[in-house]
Structure formats: C-alpha cells, structure tokens
There are 2 protein chains.
Amino acid sequence: MSYANQMPPNHALSGELRVALGQAARRIRQQRGEAGLTDPQYNVLLWLTKKGPLTPGQLADIERIQPPSMTRTVNALAELGLVQKSEHPTDGRQVVVTLTDAGVAEVAETRRRRDAWLTERLQEMTAAERQVLTDAIELLRRIAQS
Amino acid sequence: MSYANQMPPNHALSGELRVALGQAARRIRQQRGEAGLTDPQYNVLLWLTKKGPLTPGQLADIERIQPPSMTRTVNALAELGLVQKSEHPTDGRQVVVTLTDAGVAEVAETRRRRDAWLTERLQEMTAAERQVLTDAIELLRRIAQS
DNA sequence: TATTGTTATACTCTATAACTATA
DNA sequence: TATAGTTATAGAGTATAACAATA
C-alpha cells in the first residue's frame, strides 16, 4: 500500500492536532497572572462584552457547559462585583447577567495581561507563520462549534 | 491611523487565537467516550508510549505540572493496571513508571476513540483547510514548548 | 407540562506546604 | 544539605440528579 497522490490519513493529522491543541491551550492558560480571573470567568466577561447582557442559560449554551456550572461561574463573578444579576423584564424564570463598570475595566486589564505572553510568542514568528495561525482560527472555530 | 501595509496588530490575533484554541481544545476533550481515560491520564500514557519508561518527576516536567499532581495521575493509572511503578535501579529515591500490556492496548483503543470525532470534522474540510491545520501544528507545538 | 435556574453532591485536575526517604 | 516522591489540604471546573419558580 502506498499513500501516493493522497493526503496523510486524517486520523494521523487528527491525533497530532488534538495533542498540539491541548498542549498549546494549556500553556496559554498557565500564563494567567496571579490573582487573575480563571478561564471560564474571563470567557463569560468576554461574551458579555461582545454581546451585551445575557441569561445564564444563554451563557451555558455558548460555552457548552451545563447550567449548574454556569451558575457557579456567574455567582463568582457577581461576588467579585464584575457582573450584576437582575430580573428578566418579562419572564420571571430568567435572570439577566450584565457587566458592571468594574467588569468592563477588568476585561481590558485581564485581556492585556493574558494576551501579553502569546503576543510575544507571535512576534517571534514570521509573517507567514502568523498568517497560518490567522487562517487556522476560522477552522478552530468551526471545530469548536460543530 | 490606517493599517495599510501592515498586519493586524499581534495583540488582536493573540486574543482571537487564544479564545479559539481554548474552545476547540475543550470541544475535542468533550468527545472522550464514557469510561474513557481523562486527558492527563491519556497524555501520560502517550509519553510513555513515545519515550519509554519515565519517572514521575520527568512526567511532571514534560506536562508542566507540579509533582503532586503527577503522583495522583500515575497512581490512578497504576490502579487501572495501565502502568506499573517500580524501583529505580540505582537511585532509591526515584520511581520508574512503565506501560503494561494493558496500557499499550488502552492507548491504541483510546486514541482511536478520541480521534474519531475530530477525524470526522477534518473530513468535512477541504484539502487546503487541512493543510492550514497541518502547518499550524508545528506552530502550536512551538507555543506549547516555549 | 415545559422551561429556567438553583442547590446538593461528587469527581477530576491543579496547586502549595509539609513530610519521608535517599543521595 | 539537596533531591524525588508522597501525603495533606484546598480551590476551581465540570457533571448529574433533584428541586423551586414561572410560563
């Protein structure tokens, strides 16, 4: 058997990609500063920044975690004063999560700190390499959302 | 200000890449089958497959976690019968972790199961898109190892 | 009856601090 | 005294099951 005129088997790419993704993601995560927000907490603030107020259920769907997990994360952010929970105007079952001013400021500061390390790594790369990663982002999003 | 003749600022790429990486990695992780190994457990088996017997300390270094965390993972694998802990031949302080036959078989089976989902996603992509991800793997490794 | 969110409970990963055994 | 590994303890994320409130 030969693989002439054929890409390497997808399962080989799959295995390498999966391991590389996992290790890169963890490495980046390790760069969070002391006393910084955890990954799930920061992600929630990012979504609120991007989409405006959301319910816990919507946040759980976006992050693909179960509602009880999101309850926990939102409560932690509320205790930190970074988000505010309020009643839904028309549906008494729902809760609306809104960024506070402190939350907005925290997003800016945390983003700066957490991206700093990765930005340095990217600056060590060539423009062509950065382009590969730029192209990969869309594909990674597709994987994440499927 | 214009960005003509200039890449998007690296910090913008950094933020998008970080989020996309994290979400893709988590999505893939969610695909582990029931009763399958956890990520850290599987990673240890992979390293042992690749490098042969290692000490807990070496495994902790490779995975960039603290020794107590690795002790726990190795013990879990030992209880599952997938690795064996034995004395170091010359240094009584050290421990040697070796794959058992069951561990070797488990690696093959777990790899197959965990890669299956991602392989499907890759097959939905074009050859050019797969090439982007193939190129990205090396860059992700560089990020992970820096 | 269905939906939204929470509480209760449990498991895993991770970390730091303190301890044991060996070099 | 330094190193390798473990134990003790704690914090965070995640999940499922059961419950309350509302639609």
Side-chain angles (χ1 to χ4, degrees), chain A residues 22-23 25-45 47 53-80 82-98 110 114, chain B residues 22-23 25-45 53-80 82-98 110:
Chain A
Q23 296 191 342
R26 198 174 66 198
R27 187 77 183 86
I28 293 167
R29 219 179 309 135
Q30 289 173 337
Q31 290 308 125
R32 70 165 181 245
E34 313 148 19
L37 297 177
T38 64
D39 234 60
Q41 290 170 352
Y42 180 50
N43 285 337
V44 165
L45 295 188
W47 286 118
L54 296 169
T55 68
Q58 289 173 318
L59 287 166
D61 284 344
I62 292 174
E63 286 292 299
R64 291 177 176 272
I65 61 176
Q66 296 304 309
S69 303
M70 186 52 73
T71 291
R72 190 177 222 187
T73 297
V74 168
N75 284 344
L77 289 170
E79 286 180 14
L80 292 169
L82 303 178
V83 303
Q84 186 177 14
K85 297 169 73 171
S86 51
E87 295 177 2
H88 191 282
T90 62
D91 187 337
R93 297 171 302 181
Q94 298 189 49
V95 170
V96 177
V97 182
T98 311
T110 301
R114 300 190 69 166
Chain B
Q23 296 191 343
R26 198 173 66 202
R27 187 76 183 87
I28 293 168
R29 218 178 310 136
Q30 289 172 337
Q31 288 310 123
R32 68 164 183 244
E34 312 148 21
L37 297 177
T38 65
D39 235 59
Q41 290 170 354
Y42 181 51
N43 284 338
V44 165
L45 295 188
L54 296 169
T55 68
Q58 289 173 320
L59 287 165
D61 283 344
I62 292 173
E63 285 292 299
R64 290 175 177 272
I65 62 176
Q66 296 304 307
S69 303
M70 186 52 74
T71 292
R72 186 174 225 189
T73 297
V74 168
N75 284 345
L77 289 171
E79 287 180 14
L80 292 169
L82 303 179
V83 302
Q84 186 178 14
K85 296 169 74 170
S86 50
E87 295 176 2
H88 191 282
T90 62
D91 188 337
R93 298 170 302 183
Q94 297 189 48
V95 170
V96 178
V97 182
T98 311
T110 301

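FYI, side chains are in, hydrogens and waters are out, and symmetry mates aren't considered; it's all heavy atoms of this structure.
- Annotation: salt bridge (charged side-chain N to carboxylate O under 4.0 Å, His left out) contacts of R72(B) (sequence neighbours excluded): none.
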Return one dot-bracket line describing DNA chain D 5' to 3' (Watson-Crick or G-U wobble pairs, both distances under 3.5 Å; ( ) same strand, [ ] crossing, | another strand, . none).
|||||||||||||||||||||||
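- Between atom CG of residue N75(A) and atom CG of residue L80(A) there is a gap of 11.0 Å, rounded to the nearest 0.5 Å.
- Atom CD in Q66(A) sits about 5 Å away from atom P in dT16(D), given to the nearest Å.
- In this structure a side-chain-to-backbone donor-acceptor pair under 3.5 Å is present from R26(A) to E63(B).
- For the pair H88(B) and V96(B), the tightest heavy-atom approach, listed with the atom from each and the gap, is CA-CG2, 3.8 Å.
- Of all the heavy atoms in A25(B) and A25(A), the pair that sits closest is CB-CB, 3.9 Å.
- Separating the CZ atom of R27(A) from the P atom of dT14(C) is a distance of 14 Å, rounded to the nearest angstrom.
- In this structure, CD1 of I65(A) is placed 12 Å from C1' of dA12(D), rounded to the nearest angstrom.
- Separating the CD atom of E63(B) from the C1' atom of dA15(C) is a distance of 16 Å, rounded to the nearest angstrom.
- When all heavy atoms of A78(A) and K85(A) are compared, the closest pair comes out as CB-CD, 4.4 Å.
- As rounded to whole Å, 9 Å separates atom P of dC13(C) from atom CG of L77(B).
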Mark up nucleotides 2-11 of chain C, 5' to 3', with B wherever a protein heavy atom is under 4.0 angstrom from a base atom, S wherever such an atom reaches only the sugar-phosphate, and - elsewhere.
-BSSBB----
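- Results of the side chain to side chain contact (heavy atoms under 4.5 Å, CB included) test with L54(A) over D61(A), V97(A), L59(A) single out L59(A) as the only residue that passes.
- Distances shorter than 4.0 Å separate some side-chain N or O of S69(A) from OP1 or OP2 on dA15(D).
- A pairwise comparison of heavy atoms in V95(B) and P56(B) identifies O-CD, 3.1 Å as the closest pair.
- Separation of atoms OG1 (T71(B)) and CD1 (I65(B)) is listed at 9.0 Å; rounding is to 0.5 Å.
- One interatomic measurement links the two molecules: CG of D39(A) to P of dT14(D), which rounds to 9 Å at whole-angstrom precision.
- Atom CG in L59(A) sits roughly 12 Å away from atom P in dT14(D) (whole-Å rounding).
- To the nearest angstrom, P of dT12(C) lies 12 Å from CG of L37(B).
- Distances shown here put a side-chain N or O of T38(B) below 4.0 Å from the OP1 or OP2 atom of dC13(C).
- Between R26(A) and the phosphate of dT14(C), there is a side-chain N or O to OP1/OP2 separation shorter than 4.0 Å.
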